[in-house]
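Convention: sequence-line order gives letters A, B, ...; per-chain numbering from 1.
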Protein chains: 4
Amino acid sequence: MTSKKNEKYHMILQGALKVFAENGYHRSQVSKIAKAAGVADGTIYLYFKRKEDILIRLFQEKLGELVGKFHASVEGTSGAVEALRTVCSIHFSELESNPELAYVTQIELRQSDLELRKEIGSALKPYIVLIENILEQGIREQTFRSDLNVKLVRNLIFGAMDEAVTSWLISGRKYSLSEQVEETLEFFLNGVSSRK
Amino acid sequence: MTSKKNEKYHMILQGALKVFAENGYHRSQVSKIAKAAGVADGTIYLYFKRKEDILIRLFQEKLGELVGKFHASVEGTSGAVEALRTVCSIHFSELESNPELAYVTQIELRQSDLELRKEIGSALKPYIVLIENILEQGIREQTFRSDLNVKLVRNLIFGAMDEAVTSWLISGRKYSLSEQVEETLEFFLNGVSSRK
Amino acid sequence: MTSKKNEKYHMILQGALKVFAENGYHRSQVSKIAKAAGVADGTIYLYFKRKEDILIRLFQEKLGELVGKFHASVEGTSGAVEALRTVCSIHFSELESNPELAYVTQIELRQSDLELRKEIGSALKPYIVLIENILEQGIREQTFRSDLNVKLVRNLIFGAMDEAVTSWLISGRKYSLSEQVEETLEFFLNGVSSRK
Amino acid sequence: MTSKKNEKYHMILQGALKVFAENGYHRSQVSKIAKAAGVADGTIYLYFKRKEDILIRLFQEKLGELVGKFHASVEGTSGAVEALRTVCSIHFSELESNPELAYVTQIELRQSDLELRKEIGSALKPYIVLIENILEQGIREQTFRSDLNVKLVRNLIFGAMDEAVTSWLISGRKYSLSEQVEETLEFFLNGVSSRK
DNA sequence: CATGAATGAGCGTTCATTCAT
DNA sequence: GATGAATGAACGCTCATTCAT
């Protein structure tokens with residue numbers, strides 16, 4: 001039994017995802033979101049404090065689902081390398097299979113000022129920490145270098161994946177993103193140098 | 001030779017940089033920019049088509065300078081590794097020493113829709129190509145792996161540096177960005193794996 | 001005998017008096033009144049047609065009580081002068097001892113359009129008539145001038161008292177209102193001229 | 001030469017007076033005022049901070065004119081009695097001959113919260129002081145009682161005149177207001193008591 | 001070229017009122 | 001009768017852009 005109580009809440013988020021993806025945040029009037037969600041304009045304000053809140057909550061909700069999937073999948077992996085592959089694989093495939101979400105996270109979510117960016121940052125924290133944990137696990141396993149600056153490298157890895165997604169999106173999604181998982185992983189593991 | 005003709009043009013860009021950094025793009029009214037630049041509101045429209053144009057041209061102008069510096073510096077380098085170090089070093093140090101510019105490129109510039117993002121992308125192209133060239137040079141030198149997907153890896157490298165800058169900025173610039181050049185480079189060259 | 005049936009009606013009026021006094025009519029949302037009254041929003045509409053009705057009925061109810069007190073007290077007075085003193089005394093002391101009511105009658109009740117003003121006027125009628133009757137009584141007693149324009153003078157007297165209350169209220173209730181009864185009465189009886 | 005610069009300012013005030021009188025403050029949309037003034041909506045905000053400001057400034061402007069007339073007329077009067085007659089006469093006749101203004105001052109201006117009431121009060125101050133000065137003059141001349149509480153009596157006088165105007169207005173202006181000047185003055189000077 | 005007063009489209013948000021439960 | 005979630009009309013205000021001077 002889906003809680004009747006949150007029905008409208010999710011309808012609004014669903015509508016917002018669609019409208020944001022189609023028009024971009026700033027061109028998405030609240031009334032347009034309401035119509036897409038099948039509710040009255042005012043109803044939105046029973047569930048969200050202001051328009052910006054919809055964007056934040058949408059992100060948190062979706063990111064929560066993603067982090068959940070990561071955790072579920074990573075648990076079944078044997079080592080840090082495998083875990084990192086899983087993270088990259090899910091990151092790419094989830095966004096690839098959900099272009100609307102990809103659009104919102106990669107483009108629209110950036111359309112916000114410093115204040116909002118910080119909120120987004122904190123919502124992103126569990127994901128960043130997940131990567132950090134994998135790095136530390138790898139170090140303990142001696143699979144990864146012990147002199148890694150994990151705080152820096154986790155950011156480099158996240159930034160690299162993030163840019164890969166954005167580029168794929170801006171290109172018009174002309175190629176397969178998930179097929180790049182192995183090459184991306186290879187870069188994370190071994191960098192660009194040729195083995196001597 | 002700075003032509004008298006373009007004096008106001010640059011004053012406006014200068015004012016815009018200051019105002020964008022202080023208030024963010026959406027809170028930067030054209031009249032505020034005009035005041036900072038010491039011109040009348042209407043004058044801005046003699047040099048720029050729309051408000052958005054100011055942002056784009058600002059970015060192009062500044063990025064052009066940066067790419068110029070890269071080229072100048074990279075020319076004097078002996079190998080691909082050294083070239084990559086130079087790129088990363090300039091990328092970090094330029095933005096570190098110019099927080100206003102950093103703020104605009106990392107935060108404000110993202111506040112734009114797909115249309116603008118594409119324009120930014122094309123302005124960014126020469127820089128991306130620069131990185132790509134270095135990768136190809138490294139492959140020719142046999143310093144880098146020959147099986148590199150250069151289109152992908154250049155993006156990963158750019159994305160990683162970009163995220164490093166944004167994180168530093170959002171943290172409140174509490175640590176030194178340029179001191180992370182070596183560790184970042186080490187990651188680019190060798191990844192996270194421990195050498196066996 | 002307070003009928004059970006009207007319990008909620010009075011709770012709403014009570015809540016409204018409190019909320020109006022605290023926030024002013026326009027900033028008193030119906031939901032706020034409902035909460036103060038301990039009923040649901042919709043319940044209010046079982047007892048009142050519109051929000052404005054609450055204001056009117058509140059006024060009528062309170063004014064009715066006041067006029068009742070006037071009549072009760074005036075009945076026991078011997079002459080017109082004494083009756084006028086009683087009216088002024090009750091007018092000042094009742095509002096002084098009930099600042100919430102004073103606030104609503106002197107400030108909030110004025111926030112209404114011509115339509116409402118007329119309704120208020122008719123609710124006020126019995127009070128104005130009371131003053132008129134006292135004037136006529138005084139004329140019969142030959143205590144008051146026989147050439148008085150009673151319709152005009154009753155208004156002047158009411159307006160003077162009304163302004164005295166409003167001034168006291170706007171001053172922040174920094175002085176005693178009821179201590180001004182004698183001086184006010186002196187003015188009503190003898191005006192400003194020195195006796196020759 | 002009427003200053004061209006303030007042309008729009010006065011057009012807006014003029015339009016507002018008309019619209020307020022016709023519809024009441026709360027039913028007077030800014031766009032309606034703009035249309036009546038023959039300017040664009042936005043233009044209003046070049047001259048007024050917010051809608052409420054229009055009401056305040058309108059009042060101040062008109063009251064200033066009135067106080068000016070009082071001063072000009074009072075100067076030519078010989079004694080306090082004559083001065084008081086002039087004040088009452090101008091008060092009644094100005095509002096009688098300008099029903100729109102009367103409506104706004106007596107009805108619409110009261111539709112405001114405590115904050116605004118205080119601003120109105122301070123705009124009204126010079127007028128109240130004018131009455132106070134006349135009272136003091138009368139005391140010096142020994143025309144008025146020396147034991148007058150001038151702060152109280154000036155309010156009583158103002159309140160009495162104010163109510164006289166409001167009653168006349170609410171009655172539908174069915175009788176002549178200025179014809180009541182003498183009777184009103186008689187009340188101010190000698191009260192209601194019959195001379196013994 | 002430069003100005004800056006004027007424009008007016010555009011939109012987030014509130015809140016009195018309704019009505020299915 | 002009582003509830004309170006849902007409604008949606010209504011509007012003040014902002015600000016990018018224009019254009020007469």
Side-chain angles (χ1 to χ4, degrees), chain A residues 4-5 7-9 11-12 26-35 37-54, chain B residues 4-5 7-9 12 25-35 37-54, chain C residues 4-5 7-9 12 25-35 37-54, chain D residues 4-5 7-9 11-12 26-35 37-54:
Chain A
K4 196 98 185 189
K5 210 185 147 194
E7 205 179 347
K8 292 238 156 87
Y9 175 80
M11 281 165 70
I12 294 168
H26 284 110
R27 284 191 209 146
S28 296
Q29 296 89 328
V30 171
S31 62
K32 213 180 274 179
I33 297 171
K35 186 171 286 182
V39 301
D41 293 20
T43 305
I44 287 182
Y45 290 86
L46 295 176
Y47 297 93
F48 301 89
K49 249 187 177 156
R50 72 199 111 184
K51 186 187 170 190
E52 212 177 36
D53 274 9
I54 309 175
Chain B
K4 191 98 186 189
K5 207 187 149 194
E7 204 178 342
K8 296 229 160 135
Y9 174 81
I12 293 168
Y25 178 72
H26 283 110
R27 285 187 210 151
S28 295
Q29 296 88 331
V30 172
S31 63
K32 214 180 272 180
I33 296 170
K35 184 172 283 181
V39 301
D41 294 20
T43 305
I44 287 182
Y45 289 84
L46 298 174
Y47 297 93
F48 300 88
K49 232 179 181 173
R50 289 166 294 147
K51 184 188 172 189
E52 215 177 34
D53 276 6
I54 309 176
Chain C
K4 191 97 186 191
K5 206 186 150 196
E7 204 179 343
K8 295 230 160 134
Y9 174 81
I12 293 168
Y25 179 72
H26 284 110
R27 285 188 209 149
S28 295
Q29 298 86 329
V30 171
S31 64
K32 214 181 272 178
I33 296 171
K35 184 173 284 181
V39 302
D41 293 20
T43 305
I44 287 183
Y45 289 86
L46 298 175
Y47 296 94
F48 300 89
K49 230 179 182 176
R50 288 167 294 147
K51 183 188 172 189
E52 214 177 33
D53 276 6
I54 308 176
Chain D
K4 196 97 184 187
K5 211 185 146 192
E7 205 179 347
K8 292 240 158 86
Y9 175 81
M11 282 164 69
I12 293 167
H26 284 109
R27 284 191 210 147
S28 296
Q29 296 90 328
V30 171
S31 62
K32 212 180 275 179
I33 296 171
K35 185 170 284 182
V39 301
D41 293 21
T43 305
I44 287 182
Y45 291 87
L46 295 177
Y47 297 93
F48 300 89
K49 249 185 177 159
R50 72 199 110 181
K51 186 187 170 189
E52 212 177 36
D53 273 9
I54 308 176

Legend entry - Non-neighbouring partners of Tyr45(B) that pass side chain to side chain contact (heavy atoms under 4.5 Å, CB included), sequence neighbours left out: Val30(B)
Legend entry - Euclidean distance, atom CE of residue Met11(D) to atom P of dA5(E) [Å, nearest integer]: 17 Å
Legend entry - Nearest-angstrom distance from the residue atom CD of Glu7(B) to P of dC1(E): 12 Å
Inset, instruction - Just say parallel, tilted or perpendicular for the rings of Tyr9(A) and Tyr47(A), cut-offs at 30° and 60°. - result: tilted
Inset, instruction - For the pair His26(B) and His26(A), name the ring-plane relationship: parallel under 30°, tilted 30 to 60°, perpendicular over 60°. - result: tilted
Inset, instruction - Select one nucleotide: of dG8(F), dA2(F), dG4(E), the one nearest the side-chain heavy atoms of Ala40(A). - result: dG8(F)
Legend entry - Length of the NE2-P vector between His26(D) and dA16(E), whole Å: 12 Å
Inset, instruction - Can you measure from CG (Asp41(B)) to NZ (Lys35(B)) and round to the nearest 0.5 angstrom? - result: 9.0 Å
Inset, instruction - Take the protein atom NZ of Lys8(A) and the nucleotide atom C1' of dA6(F), then report the distance between them rounded to whole Å. - result: 6 Å
Legend entry - Consecutive-pair stems (at least three Watson-Crick or G-U pairs, under 3.5 Å) that include DNA chain F: E:2-21 with F:2-21
Look for any protein N or O under 3.5 Å of an N or O in nucleotides 17-21 of chain F and output each such pair with its distance, or none.
unit_1, atom_1, unit_2, atom_2, d
dT17(F), OP2, Tyr45(B), OH, 2.8
dT17(F), OP2, Lys51(B), N, 3.0

Inset, instruction - List the atom of Phe48(B), the atom of Ile12(B), and the distance in Å for their closest heavy-atom pair. - result: CE1-CG2, 3.5 Å
Inset, instruction - Could you check which of dG1(F), dT7(F), dC1(E) has an atom nearest any side-chain atom of Val39(A)? - result: dT7(F)
Legend entry - Interatomic distance where NZ belongs to Lys32(C) and P belongs to dC15(E) [whole Å]: 8 Å
Legend entry - Side chain Lys51(C), main chain Tyr25(C), donor-acceptor under 3.5 Å: yes
Legend entry - Heavy-atom closest contact (Ile33(B) atom, Ser28(B) atom, distance): CD1-O, 4.3 Å
Legend entry - Heavy-atom closest contact (Arg27(C) atom, Gln29(C) atom, distance): O-OE1, 2.8 Å
Legend entry - Rounded interatomic separation in angstrom, taking OH from Tyr25(B) and C1' from dC15(F): 12 Å
Legend entry - Closest to side chain of Tyr47(B), choosing from dT3(F), dC1(E), dA6(E): dC1(E)
Legend entry - Contact nearer the 5' end of DNA chain F, comparing Ser28(B) with Leu46(C): Leu46(C)
Inset, instruction - Please state how far atom OH in Tyr9(C) lies from atom P in dG1(F), giving the value in whole angstrom units. - result: 14 Å
Legend entry - Value in whole Å for how far the C1' atom of dC11(E) lies from CD1 of Ile54(A): 13 Å
Inset, instruction - Among dC11(F), dA5(F), dC11(E), find the nucleotide with the atom closest to the side chain of Gln29(A). - result: dC11(E)
